[in-house]
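Read through the structure below, which is laid out as structure tokens, and then see the notes.
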Amino acid sequence: MVNITNEGLVLAGSAIGAGLAMIAGIGPGIGQGIAAGQGAAAVGRNPGAKGTIMSTMLLGQAVAETTGLYGFAVAIILLYANPLIGKLK
Amino acid sequence: MESLALTSVTFCEVDFGIHNYKDFSFFGHQVYITSTHIAIGIVMAIILIFAIAANIAIRRADPEKAPTGFLNVVEFMVQAIDNMAEGGMGAEHGGRYANYLGSLFMFLVVSNLSGLLGLRPPTADYGTTFALAIITFVLIHYAGFKYQKLKHITSLFDPILLSPINIIGEIATPISMSLRLFGNILSGTVLMGLIYGLIPKILTIAWPGVLHIYFDIFSGCIQAYVFVMLTMVFISQNFETEE
């Protein structure tokens, strides 16, 4: 533990934090799966409306994806534009 | 012996960042020509060549005969974009916004697919997507003032307690739209960069092609479609006159 520099500690913590931030991917995965399942059920009930159902489903999935992308943005910022390193001095 | 065999296999270096090619000073600010600018230039050149070719084909077309070949493709694209705009915004307003939606869709598709040409997609830079989202934001509020007049402002303060949430919601629209496109394309770019760095150079000729099909073609087209659809939805929210 003696040989760890402050920068090294901050970088290690940032890497773990980036990994934890990507847990946000669970939510959109479940949400998109539910949307796709409901879309498949809707096509099964009403095959004539396939085009409308497809575009509505894609739009809903894209909106549901936003929270996961916020987690991804946090992970990318922690890895490549780390704001915590500057706080050391 | 083992380590010798390992080191003799060359790996690509992991590289998915934005590169600065030339920097100069602009009113005291340091500005750069980055890989995004170059990629946007190439994308613009592709669209421009396509547009000029389409223009020539349309001028030379014989209105008596059925369209063939290239002209057929152009007609199909125009028809698809018109149908999309009229389906999303209604027949009354659809034609008016179809030109913006069409050019937005073409730019997004070509720039998302430009990862296939070995470029870094311009949409994987937050500057590009945020600029596009700002254009959409201006259009949303232009439509709002045009069709709802002053009610567009007063409806923000309708229950006065909720006004901060309404205002934040309006501001969050372009940010979430641009982050959605940016995050999707950037995640594809980062993953492809990591995979190109992971496997030996000799394998990069064939294997990541499958992933390019998913991350560049499938995801890129879906995200272009989603951005255009969201633009249509947000603009057409302002059309209905209040009950």
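Residue numbering restarts at 1 for every chain, and letters A, B, ... go by the order of the sequence lines.
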Has [X] got more than 12 heavy atoms of other residues, nucleotides or ligands less than 6.0 Å from its [atom1]?
X	atom1	value
A:I26	CD1	no
B:E170	CD	yes
A:M54	CE	no

Query raised in the report: Can you check whether B:V226 reaches A:V63 side chain to side chain, under 4.5 Å on heavy atoms?
Result: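 They are not in side-chain contact.
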Can you tell me how far apart [atom1] ([X]) and [atom2] ([Y]) are? Round to the nearest 0.5 Å.
X	Y	atom1	atom2	answer
B:I18	A:Y80	CD1	OH	13.0 Å
B:F182	A:I76	CZ	CD1	7.5 Å
B:Q223	A:L58	CD	CG	9.5 Å

Query raised in the report: With a 4.5 angstrom heavy-atom cut-off, which part of B:L179 approaches chain A: side chain, backbone, both or neither?
Result: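 Both backbone and side chain.
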Query raised in the report: Of the non-hydrogen atoms in B:Y225 and A:S55, which two are nearest, and what is the gap between them?
Result: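 B:Y225 and A:S55 have their closest heavy atoms at OH-CB, 2.9 Å.
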Requested in this report: Return the minimal non-hydrogen interatomic distance between A:Y70 and B:S176, and the atom names on each side.
Outcome: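 So the two residues come closest at OH-CB, 3.4 Å.
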**Report entry** Side-chain donor or acceptor of B:R180 paired with backbone N/O of A:L69 under 3.5 Å
**Finding:**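 Looks like no, no N/O pair under 3.5 Å.
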Report task. Select one option (side chain, backbone, both, neither) describing which atoms of A:T52 are under 4.5 Å from chain B's heavy atoms. Result ->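 A:T52 has no heavy atom closer than 4.5 Å to chain B.
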